[in-house]
Structures are given as structure tokens and as C-alpha cells.
*Asks:* 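Before I ask anything, let me first share the structure, which is written out below as C-alpha cells.
Naming convention: chains lettered A, B, ... in sequence-line order (proteins, then strands); numbering from 1 in each chain.
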Number of protein chains: 2
Amino acid sequence: MSIKPLPRRRLRYRTKKYRSPDGLPTDICIFTITSKARYTKTKSLPTKQLSVLLIKRISTTFGEQWALPGGFSKESETLDECAYRELKEETNIDRNVHIEQLGTYYKPGRDPRGWIPSVAYVSLVHEDLLAHAKADDDASEARLFSVEEAFELQLAFDHREILTDALARIREKMLQTNIAKAFLPDEFTLSELLQVIETVVPAFKVSDRGNFERRLLSTTRRQGILEPVLAADGTPLYSTEYSNSPAKLYRFTDYMPVAMIY
Amino acid sequence: MSIKPLPRRRLRYRTKKYRSPDGLPTDICIFTITSKARYTKTKSLPTKQLSVLLIKRISTTFGEQWALPGGFSKESETLDECAYRELKEETNIDRNVHIEQLGTYYKPGRDPRGWIPSVAYVSLVHEDLLAHAKADDDASEARLFSVEEAFELQLAFDHREILTDALARIREKMLQTNIAKAFLPDEFTLSELLQVIETVVPAFKVSDRGNFERRLLSTTRRQGILEPVLAADGTPLYSTEYSNSPAKLYRFTDYMPVAMIY
DNA sequence: GAAATAGTGTCTCTTAGACAGTATGAG
DNA sequence: CTCATACTGTCTAAGAGACACTATTTC
């Protein structure tokens, strides 16, 4: 969506004792992990990349610019509802995906149109759900950029700062919570999980995949984060999607240990 | 501070196409840990309690009510600056204390005066800094409540929800970061640190203080969170404030490991 | 000696991580 | 036989946590 011009009342109130913000938009960092098949000699895991959805914005002052999708919230909706609405407008996604408030941004002059803070949100969506992003809606263009690409752009407003914070937030939570599930199918292999973690947090390095597996499945503190997917007869289910050697399928449970430094 | 009545323009704009919020206040959960000496036969650690600062608010609709301190932000200031300003107005604190944005709250009807979201902040301050809280300022009353007491009150607006989230936030961060330092003097003993953690997170139970010490000081991943305070000649400094047996003094360094579940 | 804290020693079991090895099945 | 993945076995060092013990100083 394009941001609509504001009514003219701003000037009229400039000299008044009480002024109120000229609007409270939400902007949303929609992250996804894009996959690309690798065309190797045998079945293999695709390469993955953390990407963010940006829209092209035509600004009278700045010309063409990429920006986070967003729009003004209404009195009749909560901020979360507004973020969901934006998400749906941009991506057509209409189900429960991971969405969380990142923070509210304002400093004098952040928006040349007036006193306009922004409530930033972060959403993590599975690649498949973005299949028909933005086929409809208005003329503005939307595109996925890898986060590296996104940081090379000149983003509108303070969206670079928001994106930086958003990235820091999901990196932190990727290691401390099970938000990895947002980027995975319901049932996944351990290699897929590991790949998602490594894609979001490049600093997370596991020297030996086998040790990762053992740690995750047989350490008492972590026991129960994952459970194997079982067939009706109680035998575990396997996938051969990414390898000839069948890989056991897992899913996240509701249990999550508390990470702590002490 | 008492929340000022809003100008009358709200009604005038109700029928306009675009409406904007009627203000964007910040509300701030100011937490502290209060100590009470224990009058035992020998020196002992005081009992500690997690407390939050509330102010008495006279509402025309609800009568007397306790609420989080807060006030409207201005176009000329950032939200953080507004929160700091509120903190200073309530507590006279004018130095760098821990302050962080918690989130922005809005749902239709949360404030009977109009479309008023609130940007909630959390601040952690050392008890000593609250010594002359609220000696000045306007007539409204301010008081520290233990968090248990606070939850027994009928708080204004959605302040109970904010307080719940704030508490969850600081409990989480108490275990995952070194925010404990906000409640400690620069130099402290391990018992004091442990007590702060236990006060904020009652679920954090250490069966053996000696094991806590060993873990914190000699586990490689945690090596360097704390450093002993040394005298000029390189010998460690001790405190006998809370025990006859001298306790080594430590301080936090800048190093903090990343807590993770994988 | 009792009280309240601050430590150390030691033992057992668990965990981390390195390294090597086997298995799978398509090309 | 190779490739790319999925494991399992084993060894060592480090860590967690239980329990018992000593130390310090004042009352």
C-alpha cells in the first residue's frame, strides 16, 4: 500500500498548546527463508537465505525508495490487528503466523510528513506462504531481498535502523526460543532445523552434525524440545526428500527450556 | 504527574476521514529491590523484595486508582527521552539507569479519554537512587509496592497487563543478561548477586551456594562474566558488610555469553 | 559454642566436542 | 564407486550437583 497524504490540519495545530501525533502507523519486517535447489549429483539440501520483504515507495521528496511495508493504524483496531492487516495486504496471508511487536520508533524529523512514530513489527513466515504475495493490491511493487541486499539499499525513513533491530531480535530469539518452527514445515529433519538456525544466525557453528543431534535429543535439559513423528503403528517416520539415507522426522513440542547465563 | 485533560478537538475530528491518536504517552514500570535488615544474632543478608513504583491517580470516572507513572510524549523528543523525563519527574533520578522499551499498548477503549495508545517502558533502579523519590512535583502520591501487592490493586487502564509483561520481561532478562547489575552496587559479593537473581526470579533455585560460585567463576563459557575487585597491590578486596567471614568482591565485566537452548 | 556467612574437597553422573566409522540408495 | 546425507561408537575433558567439611568473627 502507498502511504496516503495526511489531512491539512497539522499546520493549524502547530501553535496550539496540545499537539498529538499525526498518525501511528505500523511497519512490519516480514522475514522468510528462501530455498534454492543445489543440483548436485545426489539429493541434497537446498541453499537457504534469510530474506525480507520490501516495497517500492514513490516519495515526492525522495523519489523511488524501498521501505518496509506498513500503514496507519485505526482507532478501532489494536496494533497487532493492524500489523496482521498489513501482513495480509502485502502477502495475502490470512492465518496465524509468527508476528511480534519489535518496538516503537520516533525521533523528531523521522518522517517529513509530520509527527509520525511507527510501531515496528517482526513477522516470520514460511516461504511457501509467500507464493502469491502481492499479486493483487495497488500498483506498488513488492520484492524479497536477502538481508545483505536489503542493507545495501537506501531505505526510507529509519527503516534501516528498524531492520537492524529486527534482525538482532530474531537472531537472539532463534537461539533462545523455538521460533525456528516459523521457518520449518510441521515435520522436519534435524538437518533442516540446523540449516534454519545457521541461516538466521551465521555465527552459530556446529562442527559436527552428529553432536548437534545427540545434544538436542539426549541431553536432559533439552529432552522434549522435539519429538519424533510416529506412524499409526508407533514406528518413526522418515523422509528421503533431501537425501537417499532416510532421515527421521521431528516436530516441536510445547516444551522449551529457559536459556540462561548463570 | 497527573495526566492533563486533552484539548477539545477530539470531537471536532470524529467525523473527518483521517483521525490521529489523541496523544502518545509513555508509561514506565520502575522496578527496584528494597532491602530490610534482618536483626539476627550475627551479621546477615537483608531480606529483599522486588518492588514497583505506582502513583495515585484521581480519575473523574474511577475515583482513586493506582497507576504506572507516565505522561504524554512531545513532538520534539524521542520516546526514550520522554521515558527518561518521566523517570526524572517521579524519582529525581538524573543519571544513566537501565531503561528499555517494553512495547506499545493499544486496544479500542483502553483509555476512556480517547484514542490513546501507550508506549510502556521498564526501568530498573537501585534502591538507593529512590531515596528522594517524589519529594517535589505535584500533589499526586507515589509509593513503592511489592509486585505481589501491586497485583492485588485495581490498576488504571491496562496497567495490570503492562505490569505482567514487564515482570515477564525482567525475569527473562535477569537470567539471560547481566541486568542484575542494575540492582547491585558496582562491587558486590556472590551472595548479593544470587539474592538479586532469586528475588526477581523466585523459580531460580540453587541448592548449593558453593556450586553456584564454582559454576559462575570456573566454567569456561561463563569465565569472565565477573571479575574480582583488586586492590592497588593486586590482592582481592573483601567485604564484611553482611558476614563476619570476609566475602570476595566482584564486578560485572562487559562480557556476556549468549544463552541458548540448542 | 552457636549463628550466619564464605568458602573448599571430593565423588558421581552428565555433557561437550573431537574423531572415526558405517549406512543408504541414486547416478 | 562416488556423492550427499544420516546416523552410531568411542574417547577425553569439562561441567553439574550432591554432600561433607573448614573458616571467620561476634555474641
*Asks:* Between the side chains of Glu227(B) and Arg251(B), is the shortest nitrogen-to-carboxylate-oxygen separation below 4.0 Å, so that they form an ion pair?
*Replies:* yes
*Asks:* Do the side-chain N and O atoms of Asp80(A) and Tyr121(A) include a donor-acceptor pair separated by under 3.5 angstrom?
*Replies:* yes
*Asks:* I need the CG-P distance between Asn211(A) and dT14(C), as an integer number of Å.
*Replies:* 18 Å
*Asks:* Will you find, in the side chains of Glu148(B) and Ser146(B), an N or O donor that is under 3.5 Å from an N or O acceptor?
*Replies:* yes
*Asks:* What protein N or O atoms touch nucleotides 25-27 of chain D N or O atoms at under 3.5 angstrom, if any, and at what distances?
*Replies:*
residue	atom	partner	partner atom	Å
dT25(D)	O2	Asn244(B)	ND2	2.9

*Asks:* Would you please name every residue forming a salt bridge (Lys or Arg N to Asp or Glu O under 4.0 Å) with Glu161(B), sequence neighbours left out?
*Replies:* Lys107(B)
*Asks:* Do Ser51(B) and Gln49(B) have a side chain donor and acceptor closer than 3.5 Å?
*Replies:* no
*Asks:* Whole angstrom is fine here: how far is it from CZ in Arg209(A) over to P in dC19(C)?
*Replies:* 18 Å
*Asks:* Are the side chains of Glu141(A) and Ile55(A) in contact, using a 4.5 Å heavy-atom criterion?
*Replies:* no
*Asks:* Under a plain distance cut-off of 3.5 Å, with no hydrogens placed, do Ser35(A) and Glu127(A) share a side-chain donor-acceptor pair?
*Replies:* yes
*Asks:* Ala247(B): which residues meet the side-chain contact (heavy atoms from CB on, under 4.5 Å) condition with it, sequence neighbours left out?
*Replies:* Thr189(B)
*Asks:* Once hydrogens and angles are ignored, does a donor-acceptor distance under 3.5 Å link the base of dG9(D) to the side chain of Arg214(A)?
*Replies:* yes
*Asks:* Which is true for Leu45(A) with a 4.0 Å heavy-atom rule: it touches a base, it touches only sugar-phosphate, or it touches nothing?
*Replies:* sugar-phosphate
*Asks:* According to a strict under-4.0 Å criterion, is Thr220(B) in side-chain N/O contact with OP1 or OP2 of dG15(D)?
*Replies:* yes
*Asks:* Please state how far atom CG in Leu217(A) lies from atom C1' in dT8(D), giving the value in whole angstrom units.
*Replies:* 13 Å
*Asks:* Enumerate the residues from residues 247-255 of chain B whose closest heavy atom to DNA chain C is under 4.0 Å, giving them by residue number; use none for an empty result.
*Replies:* Ala247(B), Lys248(B)
*Asks:* Are Arg215(B) and dG15(D) close enough that a side-chain N or O sits under 4.0 Å from OP1 or OP2?
*Replies:* no
*Asks:* Round to the nearest Å and state the distance from Glu192(B) atom CD to dT5(C) atom P.
*Replies:* 12 Å
*Asks:* Rounding to a whole Å, what distance do you find between Arg222(B):CZ and dG17(D):C1'?
*Replies:* 12 Å
*Asks:* List the residues meeting side-chain hydrogen bond (donor to acceptor under 3.5 Å, both in side chains) with Arg171(A), not counting sequence neighbours, and say none if there are none.
*Replies:* none
*Asks:* Can you measure Phe212(B) atom CZ to dT5(C) atom C1' for me and round it to whole angstrom units?
*Replies:* 15 Å
*Asks:* For Asp165(B) and Tyr105(B), which I'm curious about, is there any donor-acceptor pair between the side chains at under 3.5 Å?
*Replies:* yes
*Asks:* Which parts of residues 195-208 of chain A get close to DNA chain C, meaning a heavy atom less than 4.0 angstrom away?
*Replies:* Ser207(A), Asp208(A)
*Asks:* Rounded to whole angstrom units, what separation is found between the OH atom of Tyr39(B) and the C1' atom of dA4(C)?
*Replies:* 17 Å
*Asks:* Rounding to an integer number of Å, can you tell me how far Leu194(A) CG sits from dT5(D) P?
*Replies:* 12 Å
*Asks:* Kindly indicate whether a cation-pi arrangement holds for Arg143(B) with Phe145(B), taking the cut-offs as under 6.0 Å to the six-membered ring centre and within 45° of the axis.
*Replies:* yes
*Asks:* Within less than 4.0 Å of OP1 or OP2 of dT15(C), is there a side-chain N or O belonging to Ser218(A)?
*Replies:* no
*Asks:* Between Phe183(A) and Phe31(A), is the ring centroid distance below 6.0 Å?
*Replies:* no
